[in-house]
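Both backbone and side-chain heavy atoms feed into the values below; hydrogens, waters and symmetry mates do not.
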Number of protein chains: 2
Amino acid sequence: MSAVPVPDDQLSKVFSALADPTRRDIVARLTVADATVGELGAPYDVSLQAVSKHIKVLEDAGLVSRSKDAQRRPVHLEAEVFDLMTKWIERYRRQAEERYRRLDAVLAQMDDESAAKQRGSASDRP
Amino acid sequence: MSAVPVPDDQLSKVFSALADPTRRDIVARLTVADATVGELGAPYDVSLQAVSKHIKVLEDAGLVSRSKDAQRRPVHLEAEVFDLMTKWIERYRRQAEERYRRLDAVLAQMDDESAAKQRGSASDRP
DNA sequence: CGTCTTCTCAACCAAGTGGTTGACAACCGA
DNA sequence: TCGGTTGTCAACCACTTGGTTGAGAAGACG
């Protein structure tokens, strides 16, 4: 019942996927080279199944893809999805910075005016 | 190579906070202007308490801060935290792109060699 | 063929998340 | 001081999440 029906979009999945340190680490290592599930899981001291699940989350978010090589499933980083996040972040950061600039301008103007007029009207005593 | 336990750092909290569309929307609107809890919650058709919780999550992640104005608690965006994400993303994206460049080089070289030598060694027949 | 390797699927569990309602603190305004 | 506004805290609930174990599919290989 949300008035604004925002569906669970890819952006949510991407952020959610990267909210886990283990998955971030996996992504980091995939920037160096593709790797199998076993290789990726080796450092973490969790079951292979758990690693497989992590990779599935990354895959659902579009951050990685899996191919086939005999029994092996090499995992490959899909770096383009990073752009999705970058765009979102940059958009609102720019907007925020713009706002701060405006705020600074307003504050500067208020300062000017208070220096010029020096007088408030009625009740503004603490 | 981190065989060791990665603690739940701020980066995780930031990604996690932004994994929710409602919270992303709140952040987006805070780039326009500070707002009270009631104002922020108005569009969403959820209880005020739920909105308060969302804001707490954003606050724990360092994305917003709350001040006091009588009963009101104006929420303010702390845009610097965006840099944390941007840095992480850019770092690994750059690394990934670098890797793809190297991969291209390797593939080009393999292509050269196969054109020159034209021969694999033993068993590579399907 | 049988066996080992690599990985996924299914069922289960504890902890976390997002929502609810109810109580109430803090403050303004009459 | 009393009532209305604004927001938080606490308890509760359904659902998700990250982990587990067990079973087994799919290949390589002797």
Side-chain angles (χ1 to χ4, degrees), chain A residues 1-9 12-27 34-61 64-76 122-126, chain B residues 5-9 12-27 30 34-61 63-76 122-126:
Chain A
M1 310 298 183
S2 51
V4 187
V6 184
D8 198 52
D9 51 353
S12 294
K13 288 182 183 170
V14 173
F15 276 122
S16 185
L18 294 178
D20 184 291
T22 301
R23 284 192 297 256
R24 266 198 322 275
D25 199 50
I26 288 176
V27 167
D34 290 2
T36 66
V37 178
E39 287 163 359
L40 286 171
Y44 304 125
D45 191 34
V46 294
S47 67
L48 195 69
Q49 291 93 321
V51 178
S52 190
K53 276 192 185 181
H54 277 309
I55 292 170
K56 193 175 216 302
V57 172
L58 291 170
E59 192 178 28
D60 286 348
V64 307
S65 60
R66 280 186 274 199
S67 44
K68 301 186 65 166
D69 170 27
Q71 319 98 300
R72 252 144 274 132
R73 295 290 128 79
V75 181
H76 173 80
S123 58
D124 57 349
R125 300 263 353 117
Chain B
V6 183
D8 197 53
D9 50 351
S12 294
K13 287 183 183 170
V14 173
F15 276 122
S16 184
L18 294 178
D20 184 291
T22 301
R23 284 193 297 257
R24 270 201 315 279
D25 199 49
I26 288 176
V27 166
L30 285 173
D34 290 1
T36 67
V37 177
E39 287 164 0
L40 287 172
Y44 305 124
D45 191 33
V46 294
S47 66
L48 195 68
Q49 292 93 320
V51 179
S52 191
K53 276 193 186 180
H54 277 309
I55 292 170
K56 194 176 215 308
V57 172
L58 292 170
E59 193 179 27
D60 286 349
L63 278 161
V64 308
S65 60
R66 280 186 274 200
S67 44
K68 301 186 64 165
D69 171 27
Q71 320 96 303
R72 252 145 273 129
R73 296 280 175 283
V75 180
H76 174 79
S123 58
D124 58 345
R125 302 267 349 124

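When rounded to the nearest whole Å, the span between CZ of A:F15 and P of D:dT16 equals 22 Å. A:K56 places its NZ atom 17 Å from the C1' atom of D:dG19, with the value rounded to the nearest Å. For the pair A:I26 CD1 and D:dG18 P, the interatomic distance rounds to 12 Å; values are reported in whole Å. When rounded to the nearest whole Å, the span between CD of B:E39 and C1' of D:dT6 equals 11 Å. Rounded to whole Å, the distance from CG on A:L48 to P on D:dA25 is 18 Å. Rounded to whole Å, atom C1' of D:dT17 lies 10 Å from atom CG of A:D20. Protein atom CG of B:L58 is 16 Å distant from nucleotide atom C1' of D:dT8, rounded to whole Å. Remark: C1' of D:dT8 and CD1 of B:I55 are 11 Å apart, rounded to the nearest angstrom.
Within the model, atoms CG of A:D69 and CG of A:D34 stand 11.0 Å from one another, a figure rounded to the nearest 0.5 Å. Put simply, CZ on A:R73 and CD on A:Q71 are 8.5 Å apart, with the number rounded to the nearest 0.5 Å.
Nearest-nucleotide positions on DNA chain D place B:R66 closer to the 5' end than the other of A:S16 and B:R66.
Among C:dT20, D:dG19, D:dT8, the nucleotide with an atom closest to any side-chain atom of A:H54 is D:dG19. In the set D:dT20, D:dT8, C:dT8, the nucleotide with an atom closest to the side chain of A:V37 is C:dT8. Relative to the side chain of B:K53, the nucleotides C:dG18, C:dT8, D:dG18 differ in distance, and C:dG18 lies closest.
Of all the heavy atoms in A:L58 and A:A17, the pair that sits closest is CD2-CB, 4.0 Å. Of all heavy-atom pairs between B:L30 and B:A35, the closest is CD2-N, 3.8 Å. Smallest separation of non-hydrogen atoms from A:Y44 and A:D25: OH-OD2, 2.6 Å.
Of the side-chain N and O atoms in B:S47, none sit less than 4.0 angstrom from OP1 or OP2 of C:dG19. A sub-4.0 Å separation between OP1 or OP2 of D:dG7 and a side-chain N or O of B:T36 is present. Listed pair B:S52 / D:dT8 meets the phosphate criterion, a side-chain N or O lying under 4.0 Å from OP1 or OP2.
Side chains of A:S12 and A:D9: a donor-acceptor N/O pair is present below 3.5 angstrom, by distance only.
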Indicate every side-chain donor-acceptor pair of residues 47-54 of chain B with a distance under 3.5 Å to a residue at least two apart or in another chain.
residue	atom	partner	partner atom	Å
B:S47	OG	B:A50	N	3.2
B:H54	ND1	B:R23	NH1	3.2

> What string of B, S and - do you get for nucleotides 23-30 of chain C, 5' to 3', if B is base contact, S is sugar-phosphate-only contact and - is no contact with any protein heavy atom under 4.0 Å?
Replying inline: ---BBS--
